[in-house]
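Chain letters run A, B, ... following the sequence lines, proteins first, then strands; residues in each count from 1.
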Amino acid sequence: MTRYELPAMVVEHRRRGANLYELILHAPPIAQGATPGQFVMLRPMRTHAPLWRRPYSILRANPDKGVFSILYSVQSAFTELLSLKPIGSTVQTLGPLGSYFQPVRSARRHILVAGGVGAPPLCFFAARLAPTLQSGEQILILEGARRADLLVGMDEFRALGAEVRVATDDGSKGYKGYVTSLLEMALNEPIESAVYACGPNRMLQAVAQLCTARGVPCQISLDAPMPCGTGVCLGCAVKVNTPDGGAWYKRACTEGPVFWAEEVVWE
Amino acid sequence: MTRYELPAMVVEHRRRGANLYELILHAPPIAQGATPGQFVMLRPMRTHAPLWRRPYSILRANPDKGVFSILYSVQSAFTELLSLKPIGSTVQTLGPLGSYFQPVRSARRHILVAGGVGAPPLCFFAARLAPTLQSGEQILILEGARRADLLVGMDEFRALGAEVRVATDDGSKGYKGYVTSLLEMALNEPIESAVYACGPNRMLQAVAQLCTARGVPCQISLDAPMPCGTGVCLGCAVKVNTPDGGAWYKRACTEGPVFWAEEVVWE
Amino acid sequence: MTPDLSVALGRLRLRNPVMVAAGTFGYGLDYRDLVDLTQLGAIVTKSLTLAPRMGNPPPRVAETPAGMLNAIGLQNDGVEAFILETLPRLREYGTPIVASVAGETIEEYVQVAMKLSRAEGVAALELNLSCPNQARGGMEYGVHPELTAQVVAAVRQATDLPLIAKLSPNVGDITPIAQAAVQAGADILCLINTVLGVAVDARTRQFRLASKVGGLSGPAVKPIALYHLWRVRQSLPETPLIGVGGISSVDDALEFILLGAHAVQIGTANYVQPTLAQEVAQGLAAYLQENGIDSVTAIRGTVR
Amino acid sequence: MTPDLSVALGRLRLRNPVMVAAGTFGYGLDYRDLVDLTQLGAIVTKSLTLAPRMGNPPPRVAETPAGMLNAIGLQNDGVEAFILETLPRLREYGTPIVASVAGETIEEYVQVAMKLSRAEGVAALELNLSCPNQARGGMEYGVHPELTAQVVAAVRQATDLPLIAKLSPNVGDITPIAQAAVQAGADILCLINTVLGVAVDARTRQFRLASKVGGLSGPAVKPIALYHLWRVRQSLPETPLIGVGGISSVDDALEFILLGAHAVQIGTANYVQPTLAQEVAQGLAAYLQENGIDSVTAIRGTVR
Ligand SMILES: Cc1cc2nc3c(=O)[nH]c(=O)nc-3n(C[C@H](O)[C@H](O)[C@H](O)COP(=O)(O)OP(=O)(O)OC[C@H]3O[C@@H](n4cnc5c(N)ncnc54)[C@H](O)[C@@H]3O)c2cc1C
Ligand SMILES: Cc1cc2nc3c(=O)[nH]c(=O)nc-3n(C[C@H](O)[C@H](O)[C@H](O)COP(=O)(O)OP(=O)(O)OC[C@H]3O[C@@H](n4cnc5c(N)ncnc54)[C@H](O)[C@@H]3O)c2cc1C
Ligand SMILES: Cc1cc2nc3c(=O)[nH]c(=O)nc-3n(C[C@H](O)[C@H](O)[C@H](O)COP(=O)(O)O)c2cc1C
Ligand SMILES: Cc1cc2nc3c(=O)[nH]c(=O)nc-3n(C[C@H](O)[C@H](O)[C@H](O)COP(=O)(O)O)c2cc1C
Ligand code: FES
Ligand code: FES
């Protein structure tokens, strides 16, 4: 997997919600190499604090135009700096990085479970998966957030024409409750499914347990602090089962962020 | 002297040279209270690094419109952040701070000596002094820089109609050499003068010596690192003579930045 | 219900746990135009010596990544000027005044402490143990258990005021020093003072400080301060502790309190945001309220 | 004329003084797609232990102001895997390979050092003295002069390779430890390893690291690293020193060299900018050229 370190040019800042922005960057090698589930490490400015680059999932990529985009919300100094980058300036970018979602070709229904800010890689995955579907194959999107206005990537999901079911903690849109309840209901429907999920680790743990219990193939994209994003620091450790029945730590940035659910050891 | 701590609104970024920007801020109490020679402490963003606020001399102030401005060049992260502030956003500002230039009313000629980025407070001083001149009183501006394109505040000085003499190290404009040579020549002219200077501390030391040797009243605005700008840290110490013949440290931010030349002990 | 922010550090009672640190708030009055002094838990003065001190030559300060180095050299007008000129006006605000005591000899510490104890309006003494010990080539008092004990014991004899020993972080293991200070009579421990550091100007090829070595403070040192606090908390579970080092937000203050600090001090951050201490006090109240906690003491030391 | 960047640390000769630090560049090959390995002064490997080590549970890292805490817990595949799988490919680049040696017991250090000495292509050994000493409740070896001397002397017996002792900053006075290491046979000293620190998450009310305590690195610690380097330089004027701690620019590297470092290591900054070390080497050359200086050794130790 080839990765590139380059200054990507800011093409556009697109407002996508109350505090949600799509940043479109021009970086042809990354736009061409990106696979859904992968991420980039960004550095808007050379600052000592914030010190680390931050990982962002790729939301969409247009290889022809050489652009890709990420979706983010302004939370503290780092994302504030990102939001201030003028059009035409550059953001130091390293990517595409990490593992990616792999379509389970045996499944008839691909269930994408997005929790809050976990939606971007699934938007990208859905967009790439949709045109490859065979007849009888379908995509079901389950999206959850605390409130209706925190739902992310709805435009992308709707544009696909796929079925979308929504859950909000406060019931302000769709089902009132967790998205994992929607998943449980969907898995009870008699159709051979595969699950692809991204969201808070708590949610992923629940998703993994639901799927493992039912023998449903499931890939999850994990969150971990990432000092380097490139495999050298071992800071992003994820405990996994080893074939010999033991356990070891893998790197969320390199062997992950997408793992097979049954591989992960939850503690 | 009343000082204010407030969020000042960015009104305009005005390009004033190759790497020279005028930042116009809306902050009525500061615009109304500012006296030439005084400065403000700015904080464009809440960052841990750069940690300190930075001091900037007031370039001009319009009490009626409630705006004032500063002149700066982008040198590192702090000034880069300053340059990125969107119009309408705010910069945390504390000021006006410090001592100021006091017109020497006995002088016939007010010689303002500006070295490089030392020009802004003298622009402000010249603008306030010009309308108060009695007949027979005049302003002479001596400005020096390394190269012609590093001369600062020329527009302001020219707008006054005062005499301006320029020196550049490389001779790319005006006299080839140091501005202090221009000063020496001017002091040899038979007219009762007072000197007001701002620039690198080396230059100020030379100015102070020229003036002290001739008994010419001289005020200089000193540069010092300023963690607080408000008198509490004692970081900006300037050694001064005390009346009893001893020495003590004064604060460049509070008793200064403008000192009487004969008061300062050079080491 | 408004959460209760008051804390008792032994006999020293504060309306809230947010103090301003020695040397970062002048003598206490300097910020009265910008800060509501009545909202502060306590004000610690710049360290006071027996005679006025001129301090070190400039440059005295250098900015470093998320921090700064200082070598002010204890410039101050002397304890008597403080008592005569500042104290009468400062005590009118009703905020507890903690006088920071410095000395080059144990005798000087004692003299300063005695004068402050006789003055009206001093709530506690804080011993700055990072002063250079002349008898030992300028080494800090606070890096040796015995020296620490000697200073504390001598001052303990000289005052009835609550006695705070402010510890140096420039040690391998801070716990024997903390224990020595408490055994010698300190009621409260405050930690940390600045961390020794150097900076060089690569362009001029000179030390950035005229004194070469300085004390590092600011956000950069927060993890170090928390580490020492946590060690002392474990070794002396009963001693009231004041945490200081790099605090510049409500969350920073909470980190120290959660690890067991009774109170916190804000130092370098005052330079950048003079109103920070009063905002942190308000922010603590808001945090408690949001989390349905009725007093700040309820969360103290809950992270173990 | 191109300035001469080569340096000799005793027998260890480097084409330029910019190395990458242990634990921040993987085993050496991980960045080969992004970094021109032939441009590095030397590559220090992740610390190697006798058996593979799993390391500590997550979270293992936390960002702090201008720094980070880590408690990786020496996760590595073991010295044999390194020798078999990585070394043969890494040595093809021709860049000196410094193997970092870790152990929980002195015996383990010795075993690892022996295996590495027998392998082909190791230019020097660097002893990570910040490993937890099991016999003393997890205290770092490098905080005691005697323990330091014991480890160094034992490894010295076991290898003919140039031996670098990497010192811990978590001490009151680093000079006795530096002297002990040199007397026990270290050819070169490297300083500093990480500074002990703690971080708490005020919102979840938990330590940010599963191991509670971690090691602080990054720009925040640069003044501390410079301070220790300067002290050791004065105490051991003849010993080759490697400076490490917070370097993230050419100027940072120059600060260490001006204070007397023969070479420098770049650690945390590799995470943020993998190409930094090669850029710093180029930048040193440019600095020398601009200032009309013909070799990097000419400015070493000129700030006193
Ligand atoms: C593989 C991967 C992919 C990712 N993809 C995306 C993406 O597509 N879009 C996206 O927006 N983000 C994504 N992230 C997260 C992203 O990297 C940043 O963490 C995020 O943007 C927040 O950045 P920040 O620096 O502004 O905030 P941070 O400083 O990292 O903090 C985030 C929030 O948490 C709060 N916080 C942090 N620490 C504490 C604390 N101790 N106590 C209380 N509050 C605290 C902050 O105040 C802030 O509100 C991804 C992460 C990973 C690992
Ligand atoms: C009273 C007063 C008034 C002032 N008024 C003005 C004003 O009107 N306009 C103005 O522009 N500035 C003024 N200054 C200076 C101003 O406060 C800032 O210092 C300046 O803007 C540079 O800020 P910075 O943070 O971008 O750069 P800094 O980080 O402070 O650095 C400045 C430059 O020096 C270099 N530098 C810093 N340290 C080193 C080092 N160790 N080795 C090599 N190079 C180094 C940096 O790379 C950079 O190029 C004033 C200062 C004072 C005390
Ligand atoms: C410029 C400066 C001067 C200081 N003067 C004193 C002092 O006189 N006495 C003292 O005990 N501590 C002094 N300190 C240390 C602070 O009180 C505090 O312990 C230290 O700075 C760490 O906290 P901080 O990171 O919040 O600044 C000083 C700190 C600074 C930055
Ligand atoms: C994540 C991480 C892992 C590290 N692992 C090791 C190690 O295995 N052995 C070692 O001697 N030092 C290790 N270090 C310390 C660095 O080599 C270096 O001494 C320290 O980080 C200070 O330099 P810096 O500020 O440039 O990072 C590690 C540092 C970090 C941040
Ligand atoms: S983030 Fe450094 S190894 Fe994964
Ligand atoms: S800058 Fe702090 S006293 Fe002047």
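Inspection of non-hydrogen atoms places C:A202, C:R203, C:R205, C:Q206, C:F207, C:K212, C:V213, C:L216, C:P219, C:A220, C:P223, C:I224, C:L226, C:Y227, C:W230 of residues 202-231 of chain C under 4.5 Å from chain D. Taking non-hydrogen atoms and a 4.5 Å limit, the residue list of residues 266-282 of chain C in contact with chain D is empty.
Of the listed residues C:L69, C:I257, C:L259, the one with more heavy-atom pairs under 4.5 angstrom with chain D than any other is C:L259. Listed options C:T64, C:D251, C:V171 were ranked by heavy-atom pairs under 4.5 angstrom with chain D; first place goes to C:D251. When the candidates C:L254, C:L258, C:D173, C:I299 are compared by the number of heavy-atom contacts under 4.5 Å with chain D, C:L258 comes out ahead. Contact count versus chain D (heavy atoms, under 4.5 Å) is highest, among C:A62, C:P169, C:P65, for C:P65.
Only the backbone of D:N170 has a heavy atom closer than 4.5 Å to any heavy atom of chain C. Residue contact with chain D, scored on non-hydrogen atoms closer than 4.5 Å, involves the side chain of C:V195 exclusively. Contact of C:Y287 with chain D is made through the side chain alone, with heavy-atom distances under 4.5 Å.
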